[in-house]
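Before any comments, here is the structure.
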Amino acid sequence: MAKAVSEMSDNQLDAEIANHERLGETRRPRYDDLLEARGRRSGLDFETSLALIARAAAEGRYLSYGEVADENGADWNAIRHAMNAHLGDLVRWAHLRGLPMVSAIVVNKRHIGTGDMDPSTLKGFSVAARQLGYDFDDADAFLRDQQSAVFAHYSE
C-alpha cells in the first residue's frame with residue numbers, strides 16, 4: 001500500500017514524482033496529488049496561481065513572480081527559491097489538463113511590459129517544454145507562441 005501523500009517527507013515526494021515521470025505514469029491521479037502537495041509545502045497553491053494567471057491572461061497582460069507570491073499570501077523572500085519549482089510543477093499539472101504552458105506569461109517584474117524572459121529563465125522554460133514533449137528550434141519564438149496560446153485560451 002502506498003504511503004499517504006500527507007505523511008511523506010519532501011524527499012519522498014520528490015522521489016515518487018521522479019519515479020512517476022521515469023515510468024511514464026504522469027496521468028495517474030496520485031501524480032497530481034504529489035505535485036499539488038509539493039506546491040502546498042512551499043506555500044504556493046496550483047489553483048490560486050492558475051486563477052491569477054487566468055485573470056491576467058484574460059486581461060491580456062503579463063504578471064510577475066512577485067504577483068504570484070502575493071496572490072498565494074506568501075512572502076516573496078521566503079518562497080523565491082521555490083517559485084521556479086512551483087511554476088514547473090504547475091506547467092506539468094496544467095499540461096495534463098490540456099492547457100498551454102501557463103507559466104509563459106509569468107516574467108521578471110522588469111519584463112512585465114514585453115513578456116521577455118531572461119536567458120536563464122528562458123532556458124528553464126525550454127527544458128520544461130521539451131520534457132513535456134514540445135519540439136522547437138527557436139526558444140524565443142516558442143515562448144511567444146505559448147504566450148499567445150495562454151492569452152487565447154483565457155480570452156475565450
Side-chain angles (χ1 to χ4, degrees), residues 5-6 8-11 13-14 16-18 20-21 26 31-156:
V5 172
S6 62
M8 297 174 79
S9 70
D10 291 347
N11 288 339
L13 273 176
D14 292 343
E16 191 165 339
I17 288 169
H20 274 74
E21 291 169 352
T26 58
Y31 181 72
D32 275 1
D33 295 342
L34 294 162
L35 289 176
E36 289 178 29
R38 183 161 65 180
R40 280 191 303 274
R41 288 183 185 183
S42 70
L44 300 164
D45 176 72
F46 287 168
E47 291 182 14
T48 300
S49 296
L50 188 58
L52 173 64
I53 290 169
R55 284 194 311 275
E59 296 166 4
R61 68 178 184 90
Y62 300 101
L63 62 141
S64 71
Y65 299 107
E67 288 178 82
V68 175
D70 289 346
E71 186 74 11
N72 277 276
D75 175 48
W76 171 244
N77 292 320
I79 59 86
R80 65 182 296 179
H81 297 293
M83 183 61 73
N84 287 339
H86 171 67
L87 291 174
D89 286 348
L90 178 60
V91 163
R92 286 182 196 89
W93 185 82
H95 179 76
L96 293 171
R97 287 157 177 76
L99 298 173
M101 292 191 66
V102 295
S103 68
I105 68 166
V106 183
V107 298
N108 288 335
K109 189 174 185 176
R110 69 179 173 277
H111 297 304
I112 293 261
T114 63
D116 293 339
M117 285 187 178
D118 292 331
S120 62
T121 305
L122 183 58
K123 182 178 180 180
F125 180 81
S126 297
V127 167
R130 286 188 174 99
Q131 288 173 343
L132 293 173
Y134 290 99
D135 185 28
F136 53 92
D137 294 320
D138 183 333
D140 283 314
F142 177 75
L143 169 64
R144 296 302 176 188
D145 288 345
Q146 286 301 303
Q147 289 170 335
S148 294
V150 172
F151 290 138
H153 180 81
Y154 289 106
S155 67
E156 297 172 348

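Treat the numbers as computed from the prediction; the structure is a model and nothing was measured.
- For the pair Arg92 and Glu21, the salt-bridge criterion is met [side-chain N within less than 4.0 Å of a carboxylate O].
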Exercise for review: Dump the intermediate steps for side chain to side chain contact (heavy atoms under 4.5 Å, CB included) on Leu34 and Met8, then the final yes or no.
Suggested key: CA-CA 10 Å; Leu34 294 162; Met8 297 174 79; 3.9 Å; yes
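- Here the closest non-hydrogen pair linking His95 and Tyr134 is ND1-OH, 3.9 Å.
- Of the N and O atoms on the side chains of Asn72 and Ser49, at least one donor lies less than 3.5 Å from an acceptor on the other residue.
- Residues Glu59 and Tyr154 have side chains that never bring a donor and an acceptor to within less than 3.5 angstrom of each other.
- When all heavy atoms are compared, the tightest approach of Ala37 to Val5 is CB-CG1, 3.4 Å.
- Ring orientation note: the planes of Phe125 and Phe142 are tilted relative to one another, at an angle of 30° to 60°.
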Review point. What do the steps show when you test Arg55 against Glu71 for salt bridge (charged side-chain N to carboxylate O under 4.0 Å, His left out), and what is the final call?
Key: CA-CA 12 Å; Arg55 284 194 311 275; Glu71 186 74 11; 2.8 Å; yes
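- Closest non-hydrogen pair, Gly43 versus Ala74, comes out as O-CB, 3.9 Å.
- In this structure, CG in Asp10 is found 9.5 Å from CZ in Arg38, a value given to the nearest 0.5 Å.
- No side-chain donor-acceptor contact under 3.5 Å links Thr121 to the backbone of Met117.
- Closest non-hydrogen pair, Ala69 versus Ile79, comes out as CB-CD1, 3.6 Å.
- Look at Lys123 and Asp118 and you find no salt bridge, because none of the NZ, NE, NH1 or NH2 atoms lies under 4.0 Å from a carboxylate O.
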Practice item. Would you check, one step at a time, whether the test side chain to side chain contact (heavy atoms under 4.5 Å, CB included) holds for Tyr65 with Lys109? Key: CA-CA 7 Å; Tyr65 299 107; Lys109 189 174 185 176; over 6 Å; no
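- One finds the CD atom of Gln131 at 11.5 Å from the OG1 atom of Thr26 (value rounded to the nearest 0.5 Å).
- The distance from the CZ atom of Arg130 to the CG atom of Asp135 is 7.5 Å, given to the nearest 0.5 Å.
- Taken to the nearest 0.5 Å, the CG atom of Leu99 stands 6.5 Å off from the CG atom of Leu50.
- The OG atom of Ser103 sits 10.0 Å away from the CG atom of Leu63 when rounded to the nearest 0.5 Å.
- Nearest heavy-atom pair, Ile112 versus Tyr62, reported as atom, atom and distance to 0.1 Å: O-CD1, 3.3 Å.
- At least one donor-acceptor pair under 3.5 Å links the side chain of Gln147 to the backbone N or O of Ala104.
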Practice item. Check the pair Asp32 / Arg97 against salt bridge (charged side-chain N to carboxylate O under 4.0 Å, His left out), numbers first and verdict last. Key: CA-CA 11 Å; Asp32 275 1; Arg97 287 157 177 76; 2.6 Å; yes
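- Interatomic distance, Asp70 CG to Leu52 CG, rounded to the nearest 0.5 Å: 9.5 Å.
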Exercise for review: Would you please test Asp138 and Arg144 for salt bridge (charged side-chain N to carboxylate O under 4.0 Å, His left out) and show each step?
Suggested key: CA-CA 10 Å; Asp138 183 333; Arg144 296 302 176 188; over 6 Å; no
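- A heavy-atom distance below 4.5 Å is not found between the side chains of Asp116 and Asp140.
- For Glu36 (side chain) and Asp33 (main-chain N/O), no donor-acceptor pair under 3.5 Å exists by modelled atom type.
- Residues Phe46 and Asp89 have side chains in contact (heavy-atom distance under 4.5 Å, counting atoms from C-beta outward).
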Exercise for review: Decide yes or no on side chain to side chain contact (heavy atoms under 4.5 Å, CB included) for Leu143 and Met101, but give the supporting numbers first.
Suggested key: CA-CA 9 Å; Leu143 169 64; Met101 292 191 66; over 6 Å; no
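- Side-chain contact check for Ile17 versus His20: every heavy-atom pair is 4.5 Å or farther apart.
- The neighbour count for Glu47 CD, taken as heavy atoms of other residues, nucleotides or ligands under 6.0 Å away, does not exceed 12.
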Check your understanding: Would Phe151 and Arg61 count as a side chain to side chain contact (heavy atoms under 4.5 Å, CB included) if you check the C-alpha gap in whole Å, the side-chain angles of each, and the deciding distance to 0.1 Å?
Key -> CA-CA 8 Å; Phe151 290 138; Arg61 68 178 184 90; 5.7 Å; no
